[in-house]
2 protein chains.
Amino acid sequence: MGRWEPHSRRRLEEAALALYARDGFEKTTAAQIAERAGLTERTFFRHFGDKREVLFSNEGAVRELLVTAVRNAPEAHAPRDAIAAGLQAVGGELQPRREAQRRRAALIAAHPELQERELIKQASWSAALADTLQARGVAEPAARLTAKVAIAIVRVAFERWIDEANDRDLPHLIAEALDQIELFASRE
Amino acid sequence: MGRWEPHSRRRLEEAALALYARDGFEKTTAAQIAERAGLTERTFFRHFGDKREVLFSNEGAVRELLVTAVRNAPEAHAPRDAIAAGLQAVGGELQPRREAQRRRAALIAAHPELQERELIKQASWSAALADTLQARGVAEPAARLTAKVAIAIVRVAFERWIDEANDRDLPHLIAEALDQIELFASRE
DNA sequence: GCACGGCATGTCAGTGGCTGACATCGCGAC
DNA sequence: GTCGCGATGTCAGCCACTGACATGCCGTGC
């Protein structure tokens with residue numbers, strides 16, 4: 001066995017989740033999280049830039065999923081269809097974790113500081129998507145605009161998926177939202 | 001003369017602007033801002049919820065401009081045209097202050113924490129716009145989606161306006177961005 | 001013209017997020 | 001077996017932000 005228990009990062013994430021849910025975000029201190037994980041506050045801040053970031057450790061992976069799916073869409077596909085593939089990839093990834101996503105969304109909705117962090121993550125998705133569209137030949141500023149619209153689509157679909165009593169699945173809701181917008185983004 | 005110099009809020013804003021520009025955002029403390037304004041740190045935090053908020057005091061007024069213009073658009077106008085009126089109102093408001101907007105944008109672009117705040121302000125524009133569209137008869141979730149697209153349009157136009165060497169005016173850039181998207185948002 | 005209450009500010013003490021500097025020590029490379 | 005690396009611990013400190021209470025001009029009512 002090593003000098004320390006393994007998986008410290010994951011332990012911190014789990015401790016944070018549990019305490020944020022139990023006591024609320026503001027009432028939880030970084031020291032409490034660290035203690036519950038058997039670590040020190042300083043170590044918490046080595047793994048996560050701030051108290052909020054611990055709730056967003058997954059974000060990079062989902063973003064990569066999105067841009068990869070768009071990048072790998074057949075070259076003949078119009079931007080709209082490449083984007084559809086990307087959004088569906090994200091939808092398929094999140095669909096199985098509905099309950100966890102719901103809890104997480106409720107936590108974020110209750111705390112403006114967390115919404116801010118969520119929004120900047122969305123902006124980073126948008127920027128990455130815009131780059132990918134450019135690489136597929138979409139010119140600026142259409143690429144940036146189209147990317148923002150695409151993120152708006154997933155978000156609205158996501159919110160319906162979280163909110164609604166019925167259990168329509170996320171990919172379906174994404175497709176529906178996509179149908180409501182005529183994406184510009186023609187090749188030239 | 002009153003017990004104190006008047007316009008303390010404005011003095012704080014100006015002091016903050018000057019110091020953020022001169023020394024950078026993080027290197028400026030709230031106490032320094034207050035001192036430059038002839039006030040105390042505590043008073044700074046009575047006027048502004050945090051160090052960032054002082055850069056966004058104008059935001060509510062512009063949001064009101066937007067929703068009012070949309071609300072007052074002739075009832076016969078399609079949502080797309082009502083939105084166009086709203087966005088043009090915002091464009092017309094910002095156009096005369098290009099240099100100030102440019103400086104402000106540069107400051108924000110250099111600091112992720114400020115971007116976060118900017119994004120949540122945009123989200124509040126979007127939410128207010130969605131409500132207004134609903135009041136005009138646009139159903140959910142189309143209203144929310146359309147509102148987000150509208151905000152994406154102003155943002156992309158705004159960024160071009162800020163960035164570009166030439167001096168095309170903001171209302172024109174907004175109209176151009178609007179043309180790139182077919183807004184859904186039909187009445188029923 | 002005086003008492004009074006409100007309101008913007010001041011004062012003070014405290015909490016907690018976050019950081020830099022330095023110490024510790026198991027583990028793998030060689 | 002030594003050595004250096006990397007993850008963690010320890011400690012001291014800054015500053016954003018807050019609650020509680022004090023102060024004193026100013027308008028209001030009488």
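Owing to the predicted nature of the structure, the values given are computational and were not obtained by experimental measurement. All chains are named by letter (A, B, ...) in the order of the sequence lines, taking the proteins before the strands, and each is independently numbered beginning at 1. Side chains included, hydrogens not; waters and symmetry mates left out as well; all remaining heavy atoms used.
Between the side chain of B:Arg42 and the base of D:dG19, at least one donor-acceptor pair of N or O atoms lies under 3.5 Å.
For the pair B:Glu26 CD and C:dT19 P, the computed distance is 11 Å after rounding to whole Å. As rounded to whole Å, 14 Å separates atom P of C:dC7 from atom CZ of B:Arg46. In this structure, the CZ atom of B:Phe48 is 16 Å from the C1' atom of D:dA16, given to the nearest Å. Distance, A:Leu19 CG to C:dG16 C1': 15 Å, rounded to whole Å. The interatomic distance linking A:Lys51 (NZ) with D:dA16 (C1') rounds to 13 Å, in whole Å. The CZ atom of B:Arg9 sits 16 Å away from the C1' atom of C:dC7 (whole-angstrom rounding). For the pair B:Arg3 CZ and C:dT9 P, the computed distance is 10 Å after rounding to whole Å. Rounding to whole angstrom units, CD of residue B:Glu113 and C1' of D:dC15 are separated by 13 Å.
Taking the ring axis of B:Phe25 as reference, the NZ or CZ atom of B:Arg52 does not stay both within 45° of it and closer than 6.0 Å to the ring centre.
Look at A:Ser8 and you won't find any side-chain N or O under 4.0 angstrom from OP1 or OP2 of D:dA7. Between A:Thr43 and D:dG9, a side-chain N or O to OP1/OP2 separation shorter than 4.0 Å is present. B:His47 has a side-chain polar atom (N or O) that falls below the 4.0 Å cut-off from OP1 or OP2 of C:dT9. An OP1 or OP2 oxygen of D:dG9 is reached within less than 4.0 angstrom by a side-chain nitrogen or oxygen of A:Thr40.
In this structure, the side chain of B:Arg136 engages the main chain of B:His77 through a donor-acceptor pair within 3.5 Å. A donor-acceptor pair is defined here as one N or O able to donate and one able to accept, closer than 3.5 Å; such a pair exists between the side chain of A:Glu140 and the backbone of A:Arg144. Formation of a donor-acceptor pair under 3.5 Å by the B:Ser57 side chain with backbone atoms of B:Glu53 is not found in this model. Put simply, the side chain of B:Lys51 gets close to the backbone of B:Thr28: a donor and an acceptor are under 3.5 Å apart.
Nearest to the side-chain atoms of A:Phe45 among the listed nucleotides D:dT8, C:dT19, C:dG26 stands C:dT19.
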